[in-house]
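Taking it in order: structure first as structure tokens, then the write-up.
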Amino acid sequence: MSTSVETKCIHEGWVPKNGEPREVPIYQSTTFKYDTSEDMGKLFDLEANGYFYTRLQNPTNDYVAAKISAMEGGVGAMLTSSGQAANFYAIFNICETGDHFLASSSIYGGTFNLFGVTMKKMGIECTFYDQNMSEEEIDKLFKPNTKVVFGETITNPTVNVYDIEKFAKIAHNHGVPLVIDNTFATPINCRPFEWGADIVTHSTTKYMDGHGTGVGGCIVDSGNFDWLAQAEKFPGLTAPDESYHGITYAEKFGKMGYIMKATAQLMRDFGSIQSPQNAFYLNLGLESLAVRVERHCSNAKKVAEYLKKQDKVAWIHYSDLEDDEYHDLAKKYLPKGSCGVLAFAVKGGRQKSIEFMDHLKLISIVTHVADAKTCLLHPASHTHRQMSDEQLLEAGVAPDLIRLSVGIEAAEDIIADIEQALAQI
Ligand SMILES: *Cc1c(COP(=O)(O)O)cnc(C)c1O
């Protein structure tokens with residue numbers, strides 16, 4: 001229907017027919033009524049399309065998922081209750097007990113813990129790699145039971161840019177898919193499928209929602225990965241599911257096999273659904289995503305350029321700055337801009353960072369990122385406060401790192417607030 005992502009974020013998904021509501025309706029119903037037992041039986045056999053229980057599927061959620069899928073250029077998508085659920089499902093839909101996978105060590109802390117600690121208890125082992133390693137070094141980390149490679153387009157909180165094409169090639173050489181968490185870039189600034197990624201995840205809580213309103217997640221499948229070509233590696237997708245009348249997902253549903261399995265099996269059993277009401281709010285956020293992301297990026301660039309010139313600033317990391325170590329990757333993958341998040345430090349370590357933050361007036365200290373209101377977080381004082389400086393460095397987070405999420409206010413006002421706070425330390 002529409003071609004550019006700026007139009008898709010407004011018009012894809014719910015397309016009203018004559019006389020129908022302009023906005024996506026909220027199907028605030030747990031269940032759906034059928035006239036005959038036979039009608040409903042076919043749904044349970046996955047022989048007919050339709051809704052029966054909102055834990056598995058709900059029309060509002062499906063319309064919003066379809067919009068995100070269209071924006072990413074995928075064949076199908078599902079909404080989840082959070083970004084954490086999306087990343088868990090994305091991996092667990094491929095890996096079983098006894099399997100192994102690879103993930104970048106600079107990913108979001110919540111995902112790092114999920115992969116390294118919680119999934120380990122399920123018998124799924126994750127090896128973390130440095131995303132600056134060479135192809136040969138990464139190759140050595142693969143084992144016969146390695147089933148997937150994971151990375152983030154722009155890492156949270158260190159804002160490093162991921163070389164999607166390089167890792168897609170490595171993963172495919174080993175016959176496994178590449179999963180990319182595209183939360184910070186959003187499909188407005190980067191569409192990982194165009195660079196060879198197979199599956200994309202989102203914490204929709206961030207820019208997609210955009211207003212700090214609802215926690216949510218999404219998984220999108222490109223439909224490009226051929227599970228059947230590597231059938232012995234992926235029995236969950238290529239062998240009969242006894243818990244679903246012996247259906248083989250990749251055979252029965254073709255390119256939709258991965259999303260169908262995640263819905264019919266994982267959502268059925270774990271139930272981490274997004275509420276239809278939250279999906280409605282998410283859709284409102286998506287409608288303005290393109291204009292907001294553009295503004296987040298232009299504001300962040302101005303703030304980054306300002307910070308770079310300040311004597312009291314020890315360092316700044318923002319890939320849209322020309323001398324940033326990730327600028328070349330940013331030019332390739334994020335030509336329209338990276339995102340509104342940047343990392344920097346004030347001179348004087350933890351104590352000065354705390355003083356600086358306490359003098360801010362417009363900019364708020366919150367455990368959030370990527371919404372309309374400028375906010376910041378100092379991992380050493382907040383999310384990682386139990387850690388010593390040494391432990392922080394091991395986790396790849398500098399003790400003085402401040403994560404600044406630049407909002408969509410007037411850039412002058414954001415800069416003025418930083419200026420008055422810096423003047424007081
Ligand atoms: C926030 C975040 C998550 C986790 O998402 P929630 O919606 O908070 O569960 C995952 N990945 C990235 C990159 C994030 O920023």
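Start at 1 and go down the list; that is how both ligands and their atoms are numbered. Worth saying up front: this structure is predicted, and the values here are computed from it rather than measured.
- Here the protein heavy atom with the shortest distance to atom 7 (O) of ligand 1 is Thr205 OG1, 2.6 Å.
- Looking at ligand 1, you won't find any N or O of Tyr108 less than 3.5 Å from one of its N or O atoms.
- No side-chain N or O of Arg268 forms a donor-acceptor pair with one of Thr263 less than 3.5 Å apart.
- Between His100 and Thr127, the side chains place a donor N or O and an acceptor N or O closer than 3.5 Å (distance only, hydrogens not considered).
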Original post:
Is there a salt bridge (charged side-chain N to carboxylate O under 4.0 Å, His left out) between Asp323 and Lys308 once you walk through the steps?
Top reply: CA-CA 11 Å; Asp323 57 354; Lys308 206 173 163 49; 3.1 Å; yes

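- The ligand atoms of ligand 1 that sit less than 4.0 angstrom from a heavy atom of Gln84 are 4 (C), 5 (O), 6 (P), 9 (O).
- From the protein, the heavy atom lying nearest to atom 5 (O) of ligand 1 is Ser203 OG, 3.0 Å.
- Between Lys302 and Glu305, none of the side-chain N atoms (NZ, or NE/NH1/NH2) sits under 4.0 Å from a carboxylate O, so this pair counts as no salt bridge.
- For Glu287, the salt bridge (charged side-chain N to carboxylate O under 4.0 Å, His left out) test picks out no residue, with sequence neighbours left out.
- Residue contacts with ligand 1: Gly216 is included, with a non-hydrogen atom under 4.0 Å away.
- If you check which protein heavy atom lies closest to atom 2 (C) of ligand 1, you get Lys206 NZ, 2.5 Å.
- Remark: ligand 1 atoms within the under-4.0 Å shell around heavy atoms of Phe184 are 15 (O).
- Of the candidates Thr183, Asp181, Thr153, it is Asp181 that places a heavy atom closest to atom 11 (N) of ligand 1.
- When only interatomic distances are considered, the shortest N/O to N/O separation between Glu152 and ligand 1 does not fall below 3.5 Å.
- The main-chain N or O of Gly216 is found under 3.5 Å from a side-chain atom of Thr204 such that the two form a donor-acceptor pair.
- No salt bridge links Glu322 with Lys331; every basic N to acidic carboxylate O contact stays at or beyond 4.0 Å.
- The distance from ligand 1 to the heavy atoms of Asn156 drops below 4.0 Å at these ligand atoms: 14 (C), 15 (O).
- A salt bridge does not link Lys373 with Glu409: every distance from a Lys NZ or Arg NE/NH1/NH2 to an Asp or Glu carboxylate oxygen is 4.0 Å or more.
- Where the criterion is an N or O separation shorter than 3.5 Å, residue side chain and backbone included, Gly83 meets it with respect to ligand 1.
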